[in-house]
Amino acid sequence: MKKIETPISNETINDLKVGDKILISGIIFTGRDAVLPKLKEKIANDRLDEIPFDLKGSVIMHTAVSDAGIAPTTSNKEEIESSIPELAKAGVKIHIGKGSLSEETKLALNNENSIFVVTPPVAALITNSVKSKKVVAYEEEGIEAIFMLEVEDIPGIVAIAHGESIY
């Protein structure tokens with residue numbers, strides 16, 4: 001297992017390859033269908049200053065946050081997958097979710113030196129790694145708001161990196 005800390009540097013990404021098992025600690029952000037298109041729109045319209053957190057070196061998990069726990073949602077839903085290239089271009093280094101992604105998204109990740117990580121869809125394991133949570137954007141979306149999570153050892157497997165894929 002490779003332990004990595006947020007924020008993520010290009011050097012960290014360069015050291016990872018498809019199939020690597022990782023543990024992520026530090027601050028990660030959440031987002032899924034309701035909010036990722038909103039972030040994509042802000043990035044596309046050069047309104048990064050309206051995003052209340054720094055995307056550079058960040059990690060975004062495709063999930064909602066509820067008292068029942070967190071677990072990744074399917075990343076190849078249109079609303080989520082279409083946001084990945086823009087988020088990577090804006091500085092997101094690791095996208096955590098589940099499922100295969102398109103060839104176009106794989107190429108976009110490669111071009112931006114970002115990676116896609118799958119994590120086991122076991123809410124109890126992942127939720128146990130969350131030390132604190134706080135809504136940082138789109139509170140009106142409830143459990144689909146963007147949360148800032150302080151995490152310790154979120155497990156994952158590198159699924160797409162440097163133009164390669166496990167799918």
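The shown structure was predicted, so the numbers you read here are calculated from the model rather than taken from an experiment. The residues of the chain are indexed from 1 along the displayed sequence.
- Between Leu16 and His162, the shortest heavy-atom contact is O-NE2, 2.9 Å.
- Checked by atom type and distance alone, the side chain of Asn128 never pairs as donor or acceptor with a backbone atom of Leu125 at under 3.5 Å.
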Q: Evaluate the criterion side-chain contact (heavy atoms from CB on, under 4.5 Å) for residue pair Phe116 and Ser75; output intermediate values, then yes/no.
A: CA-CA 10 Å; Phe116 178 62; Ser75 299; 3.5 Å; yes
Q.
With side-chain contact (heavy atoms from CB on, under 4.5 Å) as the criterion, how do Ser83 and Leu39 come out once you've worked through the C-alpha distance, each side chain's angles and the decisive distance to 0.1 Å?
A. CA-CA 8 Å; Ser83 72; Leu39 285 181; over 6 Å; no
Q: List the steps and the verdict of side-chain contact (heavy atoms from CB on, under 4.5 Å) for Ile27 and Phe53.
A: CA-CA 11 Å; Ile27 300 297; Phe53 55 93; over 6 Å; no
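- The environment of Lys21 atom NZ is sparse: at most 12 non-hydrogen atoms of other residues, nucleotides or ligands sit within 6.0 angstrom.
- Hydrophobic clustering of Ile, Leu, Val, Met, Phe, Trp and Tyr side chains at less than 4.5 Å, counting indirect connections, unites Met148 with Ile146.
- For the pair Lys38 (side chain) and Tyr138 (backbone), a donor-acceptor distance under 3.5 Å is absent.
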Under 3.5 Å, which donor-acceptor pairs link side chains of residues 87-95 to any protein atom two or more places apart or in another chain?
residue, atom, partner, partner atom, Å
Lys93, NZ, Asn10, OD1, 2.6
Lys93, NZ, Glu112, O, 3.2
Lys93, NZ, Asn113, O, 3.2

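- To the nearest 0.5 Å, the span separating OG on Ser129 from CD1 on Ile154 amounts to 4.5 Å.
- From Lys134, atom NZ reaches atom CD of Glu139 across 11.0 Å, with rounding to the nearest 0.5 Å.
- Hydrophobic clustering (side-chain heavy atoms under 4.5 Å, transitive across Ile, Leu, Val, Met, Phe, Trp, Tyr) keeps Ile13 apart from Leu107.
- Here the side chains of Met1 and Asp153 are not in contact, with every heavy-atom distance at 4.5 Å or above.
- The hydrophobic cluster containing Val117 also contains Val59, counting ILVMFWY residues as joined when their side-chain heavy atoms lie under 4.5 angstrom apart, directly or transitively.
- One distance of note links OG of Ser165 with CG of Leu109; it measures 10.0 Å at 0.5 Å rounding.
- Distance OG1/Thr30 to CD1/Ile96: 10.5 Å, rounded to 0.5 Å.
- In terms of modelled atom types and a separation under 3.5 Å, the side chain of Thr119 and the main chain of Pro155 share a donor-acceptor contact.
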(Q) Show, in sequence, the C-alpha distance, side-chain angles and deciding distance for Val158 and Lys17, and conclude whether the side-chain contact (heavy atoms from CB on, under 4.5 Å) test is met. (A) CA-CA 7 Å; Val158 178; Lys17 64 185 182 313; over 6 Å; no
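- Closest approach of Gly19 to Ile166, counting heavy atoms only: N-CG2, 4.4 Å.
- Residue-environment remark: CD (Glu50) exceeds the threshold of 12 foreign heavy atoms within 6.0 Å.
- Atom CG of Asn45 sits in a crowded spot, with more than 12 heavy atoms from other residues, nucleotides or ligands closer than 6.0 Å.
- Between Ser102 and Asn76, every side-chain heavy-atom pair lies at or beyond the 4.5 Å cut-off.
- In the displayed structure, Glu78 atom CD is contacted under 6.0 Å by at most 12 heavy atoms of other residues, nucleotides or ligands.
- Proximity of Pro72 to Ile126: side-chain heavy atoms (C-beta onward) are separated by under 4.5 Å at one or more points.
- One finds the CD1 atom of Ile28 at 5.0 Å from the CG atom of Leu149 (value rounded to the nearest 0.5 Å).
- Residues Val18 and Ala159 approach most closely at CG2-O, 3.9 Å, considering heavy atoms.
- Ion pair Lys133/Asp67 flagged as a salt bridge, since at least one NZ, NE, NH1 or NH2 atom sits closer than 4.0 Å to an Asp/Glu carboxylate oxygen.
- Contact record, Ala161 with Ile115: CB-CG2, 3.5 Å, taken as the closest heavy-atom pair.
- Annotation for Glu141 and Val35: closest pair CG-CG1, 3.8 Å, computed over non-hydrogen atoms.
- We find the NZ-CD distance between Lys77 and Glu79 to be 7.5 Å, quoted to the nearest 0.5 Å.
- Hydrophobic clustering (side-chain heavy atoms under 4.5 Å, transitive across Ile, Leu, Val, Met, Phe, Trp, Tyr) groups Ile43 together with Ile60.
- Across Ala64 and Glu144, no two heavy atoms sit closer than the pair CB-CG, 4.2 Å.
- Using a 4.5 Å heavy-atom cutoff, the side chains of Val151 and Val130 are in contact.
- Residues Lys106 and Glu103 are paired through a salt bridge, judged by an N-O separation under 4.0 Å between the basic side chain and the carboxylate.
- Linking Ile, Leu, Val, Met, Phe, Trp and Tyr whenever their side-chain heavy atoms come within less than 4.5 Å puts Val135 and Met61 in one cluster.
- Remark: Tyr167 engages no residue in a ring-ring contact (aromatic ring centres under 6.0 Å, His included) (not counting sequence neighbours).
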